[in-house]
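To keep things clear, I will list the structure first and then write my remarks on it.
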Amino acid sequence: MTTENVRARFAPSPTGYLHVGGARSALFNYLFCRRHGGKFVLRIEDTDIDRNIEGAEKKIVEDLRWLGIECDEGPGVDGAYGPYFQSQRRETYDVACAKLLASGDAYYAFDTNEELDALRRQAEAAKTGFRYPRPNPLPTAADADKARAEGRPVVVRFKVPDEAITIHDEILGDVTFEAGQLDDFVIVKSNGWPTYHFAVVVDDAHMAISHVLRAQEHLMNTPKHVFIQRALGVATPKYAHLPLVFNIDGTKMSKRDKHKVVRQGVKDAIKQKKMTDADVMSLTGADEAAVERWLRKKADAELGMDQVVKLAAAADVTIPEIDVHDFRMSGYLPEALLNFIVLIGWSPGGDREKLTRDEMIELFSLDRINKTAGRFDREKLLAMNLDWCSAAPTERLVEAFKDWATLNDSHMAKLDDATLGRVLDSCRGFRTFPDVVAKAGVLFEPDEAVVYDEKAVAKVLAKNDGAGFATLESLLSPLESLESWTAESIEAFVKNTCEATGAKMGDVAQPIRVAVAGRPVSPAIGETLVFLGREKTLNRLRQCLELR
RNA sequence: GACGCCGUGGUGUAGCGGGAACACGCCGGUCUUUCAUGCCGGAGAACGCGGGUUCGAAUCCCGUCGGCGUCACCA
């Protein structure tokens, strides 16, 4: 492989957060560039003016950065091939289009959507595939002006050559498409903006893109792109189509899954009479018709994400993480997500699995990319996250935890680094950050916030005529007068108490734990009480004794 | 339907002509003051199916079936 002039790009459209599938594509392009000393370009494909979401590209850049993927050229990173927004490159497309029109490789067309639909229905009825009927003779510029004057939409279509084409794919090998499969597709829309097919080709050429690594769903687009390249007289980059990423059940992983899961959860709740349509209406503020459309007609657009979040909480379902940002919000380490993602469709060979970003760069190669689609196994991700967390130094954990806690408005975001480090270390073995809060969070809340779990109280405190309560009571004054309040001294105190009374560690530690945390789970008893401090410990012990 | 891609335990992968390996998950056990970790052990694929080439095939060839993808003035 020539390592000079390698230039690859990631080209998302700014319609929201970065999807994990997109992140995988970005990662592979990034790794490939780094491996070969090339340039990684980020280009925003915002030619569909109506669908663009304001500021979405900032979110995408932010998500990439969180993962540790930085571009060499792109929005905010100047390079010799900018601008990096397609919306700012209109002249380039206009010039290229004029060229194709002049050479006779493209022509005007004036069909309305209704006419096109009718044609498609006809084709369907006749059970023949729809192909746009190329007019003969081809309309002229004058015809186009006339049509425009009549108020008809004017588009430009590409005149697809009637020949077979073989594309060499770096992963798939040679892929041949028969002649006559493609019809004359639109390259410039009636609003004057290029379609995706045209814009990618023009930009890839202008930006000197040498390699295109993209998801396999684009494979069938490649002949279109190569035909345009030939008509334009520009070079064809090397293509590598990446295997798809599916949900664990084999369905396509898409943003719609969030709606899908919540919808099903709400339906189940309604069936079990835990919820009603009226609940859905009051929760979302949507009217009956809108609820009907969302719930029964699967019209996702009827409800916004914040409304879906409320419904999910009410129906007690967990919204699946789909976007990179979702995983960040769920308390994953970016290095773990990155490691997990890189292994969907690629492996360094052998038994090697855990990889840092630098190791990925060193080992990455196109010929080790798989052809088979992979599934996104959340259990494996969780296990991998646990691994990374266990191996991470405390400082890294503190940094990542603070990011997570801040984003989630957790009360633990306020803790100082030293305390946070101890808390995180005392919880080692956690899978994601919410586990840490579940285990130790209550120690940093007001005493009144402690919720006593009935089962735990019954089992640990009330059983045997309130033996646990009695233990607590007997501990009150020794704890109050304990000389030093450190994890070691507290542990020693508990041990000594056991030895003196012949009790087991659990007989002493568990009542304290339940009294102080409300549940039978918390960090080691010494650490638990240190986090709490002596005063709050005693306060909670007394508070708990009132349950008797 | 047309075209295209793919097919190793439940999942991700390794192996690419000569004992089917690793990780996750699952099951059982175990350490521990709780949970989670950790540790030990186990079940689970004759490599979609059929045929061929070969002394020998998951590995090469052909066929077949199945899964998936694409068929927009969305990208």
Side-chain angles (χ1 to χ4, degrees), chain A residues 11-15 45-48 50-51 86 109 111-113 116-117 120 124 127-131 153-157 169 171-172 175-178 180-183 185-197 199-200 215-223 241 243-244 246 248 250-252 340 343-354 370-384 386-387 389-390 427-431 435 438-439 456 460 491 494-495 498 503-510 512-514 517 519-526 528:
Chain A
S13 51
T15 51
E45 310 233 324
D46 53 354
T47 53
D48 188 356
D50 301 329
R51 285 206 198 185
Q86 291 188 327
D111 316 83
T112 63
N113 283 331
L116 252 14
D117 284 348
R120 285 200 184 91
E124 201 178 330
K127 293 201 169 147
T128 55
F130 171 77
R131 300 188 64 228
V154 176
V155 301
V156 178
R157 284 181 183 267
D169 186 276
I171 297 167
L172 268 13
V175 181
T176 300
F177 299 85
E178 294 170 21
Q181 288 306 123
L182 261 36
D183 69 348
F185 55 93
V186 173
I187 57 173
V188 174
K189 300 182 251 187
S190 58
N191 65 6
W193 286 94
T195 58
Y196 160 76
H197 301 297
V200 250
Q216 230 176 74
E217 62 198 13
H218 285 295
L219 184 60
M220 302 305 266
N221 292 331
T222 314
H241 286 93
L244 266 8
F246 292 121
I248 197 68
T251 57
K252 202 174 166 187
F340 176 73
L343 293 176
I344 307 178
W346 177 81
S347 110
D351 292 342
R352 199 150 176 204
E353 195 167 65
K354 189 171 179 181
N370 273 307
K371 298 175 178 181
T372 49
R375 294 183 191 217
F376 196 97
D377 185 349
R378 285 157 200 281
E379 291 296 335
K380 175 85 177 178
L381 204 213
L382 240 15
M384 206 163 240
L386 187 152
D387 258 9
C389 287
S390 301
C427 291
R428 292 248 181 200
F430 61 87
R431 307 217 288 183
D435 292 351
K439 192 167 181 175
V460 178
E491 293 282 351
V494 173
K495 272 199 188 83
C498 287
K504 282 185 278 185
M505 285 296 276
D507 297 335
V508 179
Q510 283 308 83
I512 300 177
R513 206 182 308 271
V514 172
R519 294 166 286 114
V521 177
S522 84
I525 200 67
T528 295

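In what follows, every heavy atom counts, from backbone to side chain, and hydrogens, waters and symmetry copies are set aside. Just so it is clear, the model here is predicted, and its values are computed rather than measured. Chain letters run A, B, ... following the sequence lines, proteins first and then strands; every chain starts at 1.
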Please give, in whole Å, the distance from B:G4 P to A:Leu244 CG? 18 Å
Please give the distance between the C1' atoms of B:U30 and B:U37 as a whole number of Å. 13 Å
Report yes or no: does A:Asp111 contribute a side-chain atom to a donor-acceptor pair with the main-chain N or O of A:Leu116 at less than 3.5 Å? no
Distances under 3.5 Å between nitrogen or oxygen atoms of protein and nucleotides 7-12 of chain B:
{"from": "B:G12", "atom 1": "OP1", "to": "A:Arg375", "atom 2": "N", "distance (Å)": "3.4"}
{"from": "B:G12", "atom 1": "O2'", "to": "A:Leu343", "atom 2": "O", "distance (Å)": "3.3"}

When the distance from CH2 of A:Trp346 to C1' of B:A14 is rounded to whole Å, what number comes out? 13 Å
Quick one: A:Gln216 CD to B:G69 P, roughly how many Å, whole number? 11 Å
Expressed in whole Å, how much space separates the P atoms belonging to B:A14 and B:G48? 15 Å
Sugar-phosphate, base or nothing in reach of A:Phe246, heavy atoms under 4.0 Å: sugar-phosphate
Could you run down the sub-3.5 Å N/O contacts of the protein with nucleotides 57-60 of chain B?
none

Taking it one step at a time, do A:Met220 and A:Phe177 satisfy side chain to side chain contact (heavy atoms under 4.5 Å, CB included)? CA-CA 9 Å; A:Met220 302 305 266; A:Phe177 299 85; 3.6 Å; yes
Does atom CD of A:Glu124 have more than 12 heavy-atom neighbours from other groups under 6.0 Å away? no
Is the base of B:A46 syn or anti, where syn means the angle lies within 90° of 0? syn
Heavy-atom donor-acceptor pair, A:Arg120 side chain to A:Phe130 backbone, under 3.5 Å: no
Every protein N/O within reach of nucleotides 31-34 of chain B N/O, cut-off under 3.5 Å:
{"from": "B:U33", "atom 1": "O2", "to": "A:Arg513", "atom 2": "NH2", "distance (Å)": "2.5"}
{"from": "B:U33", "atom 1": "O4", "to": "A:Glu491", "atom 2": "OE1", "distance (Å)": "2.5"}
{"from": "B:U33", "atom 1": "O4", "to": "A:Glu491", "atom 2": "OE2", "distance (Å)": "2.8"}
{"from": "B:U34", "atom 1": "O4'", "to": "A:Gln510", "atom 2": "OE1", "distance (Å)": "3.0"}
{"from": "B:U34", "atom 1": "O4'", "to": "A:Gln510", "atom 2": "NE2", "distance (Å)": "3.2"}
{"from": "B:U34", "atom 1": "O2'", "to": "A:Pro520", "atom 2": "O", "distance (Å)": "2.7"}
{"from": "B:U34", "atom 1": "O2", "to": "A:Pro520", "atom 2": "O", "distance (Å)": "3.4"}
{"from": "B:U34", "atom 1": "O2", "to": "A:Ser522", "atom 2": "N", "distance (Å)": "3.0"}
{"from": "B:U34", "atom 1": "O2", "to": "A:Ser522", "atom 2": "O", "distance (Å)": "3.1"}
{"from": "B:U34", "atom 1": "N3", "to": "A:Arg513", "atom 2": "NH1", "distance (Å)": "3.3"}
{"from": "B:U34", "atom 1": "N3", "to": "A:Ser522", "atom 2": "O", "distance (Å)": "2.7"}
{"from": "B:U34", "atom 1": "O4", "to": "A:Ala524", "atom 2": "N", "distance (Å)": "3.3"}

Could you give the distance from CG (A:Asp183) to CZ (A:Arg157), rounded to the nearest 0.5 Å? 6.5 Å
Under 4.0 Å between any heavy atoms, over every strand shown, what does A:Gly129 touch: base, sugar-phosphate, or nothing? Just pick one. nothing
Under the side chain to side chain contact (heavy atoms under 4.5 Å, CB included) criterion, do A:Val508 and A:Ile512 qualify, and how do the steps go? CA-CA 7 Å; A:Val508 179; A:Ile512 300 177; 4.2 Å; yes
Output, in order, the C-alpha distance, side-chain angles, deciding distance and verdict of side chain to side chain contact (heavy atoms under 4.5 Å, CB included) for A:Tyr196 and A:His218. CA-CA 11 Å; A:Tyr196 160 76; A:His218 285 295; 3.2 Å; yes
Measure from NZ or CZ of A:Arg375 to the centre of the six-membered ring of A:Phe246, then state whether that distance is under 6.0 Å and the direction lies within 45° of the axis. no
Identified side chain to side chain donor-acceptor pair (under 3.5 Å) counterpart of A:Asp169 within the set A:Gln216, A:Lys371, A:His241: A:His241
Write out a two-atom table: protein N or O, nucleotide N or O from nucleotides 70-75 of chain B, distance below 3.5 Å.
{"from": "B:U70", "atom 1": "OP1", "to": "A:Lys252", "atom 2": "NZ", "distance (Å)": "3.1"}
{"from": "B:C73", "atom 1": "OP1", "to": "A:Arg120", "atom 2": "NH2", "distance (Å)": "3.3"}
{"from": "B:C73", "atom 1": "O2", "to": "A:Ser190", "atom 2": "N", "distance (Å)": "2.8"}
{"from": "B:C73", "atom 1": "O2", "to": "A:Ser190", "atom 2": "OG", "distance (Å)": "2.8"}
{"from": "B:C73", "atom 1": "N3", "to": "A:Ser190", "atom 2": "OG", "distance (Å)": "3.1"}
{"from": "B:C73", "atom 1": "N4", "to": "A:Asp111", "atom 2": "O", "distance (Å)": "3.0"}
{"from": "B:C74", "atom 1": "OP2", "to": "A:Lys189", "atom 2": "NZ", "distance (Å)": "3.1"}
{"from": "B:C74", "atom 1": "O4'", "to": "A:Arg51", "atom 2": "NH2", "distance (Å)": "3.3"}
{"from": "B:C74", "atom 1": "O2'", "to": "A:Asp48", "atom 2": "OD2", "distance (Å)": "3.3"}
{"from": "B:A75", "atom 1": "OP1", "to": "A:Thr47", "atom 2": "OG1", "distance (Å)": "3.1"}
{"from": "B:A75", "atom 1": "OP1", "to": "A:Lys189", "atom 2": "NZ", "distance (Å)": "2.7"}
{"from": "B:A75", "atom 1": "OP2", "to": "A:Tyr196", "atom 2": "N", "distance (Å)": "3.1"}
{"from": "B:A75", "atom 1": "O3'", "to": "A:Glu45", "atom 2": "OE1", "distance (Å)": "3.0"}
{"from": "B:A75", "atom 1": "O2'", "to": "A:Ser13", "atom 2": "OG", "distance (Å)": "3.3"}

Which value, rounded to the nearest 0.5 Å, describes the distance between A:Met384 atom CE and A:Asp377 atom CG? 10.5 Å
Whole-Å C1' distance, B:U59 and B:A46: 14 Å
Could you tell me whether A:Thr176 contacts a base, only the sugar-phosphate backbone, or nothing, with contacts defined as non-hydrogen atoms closer than 4.0 Å? sugar-phosphate
Return yes if some donor-acceptor pair links the side-chain N/O of A:Asn370 with the main-chain N/O of A:Thr372 below 3.5 Å, else return no. no
Taking the same atom, P, in B:G4 and in B:U64, what whole-Å distance lies between them? 14 Å
Taking A:Glu45 first and then A:Arg51, would you say they form a salt bridge - that is, a charged N and a carboxylate O separated by under 4.0 Å? no
Distance, nearest 0.5 Å, that separates OG of A:Ser522 from CD of A:Gln510: 8.0 Å
If the condition is ring-ring contact (aromatic ring centres under 6.0 Å, His included), which residues does A:Phe376 pass it with, not counting sequence neighbours? A:Phe327, A:Phe340
Under 3.5 Å donor-acceptor, A:Ser347 side chain and A:Leu343 backbone: no
Provide the distance between the two C1' atoms, one in B:G9 and one in B:C47, to the nearest whole Å. 10 Å
I'd like the C1' distance from B:C68 over to B:C60, given in whole Å. 26 Å
Runs of at least three consecutive pairs that involve RNA chain B, where pairs are Watson-Crick or G-U with distances under 3.5 Å: B:1-7 with B:65-71, B:10-13 with B:21-24, B:26-30 with B:38-42, B:48-52 with B:60-64
More 5' along RNA chain B: A:Phe430 or A:Thr251, using each one's nearest nucleotide? A:Phe430
For B:A20 versus B:G44, give the span between their C1' atoms, rounded off to a whole number of Å. 13 Å
Inter-nucleotide C1' distance (B:U54, B:G12), Å rounded: 33 Å
With respect to the side chain of A:Phe177, which nucleotide from B:G4, B:C24, B:C5 is positioned closest? B:G4
Atom CG in A:Leu386, atom CG in A:Leu381: separation rounded to 0.5 Å? 11.5 Å
Basic-acidic side-chain contact under 4.0 Å: A:Asp507, A:Lys504: no
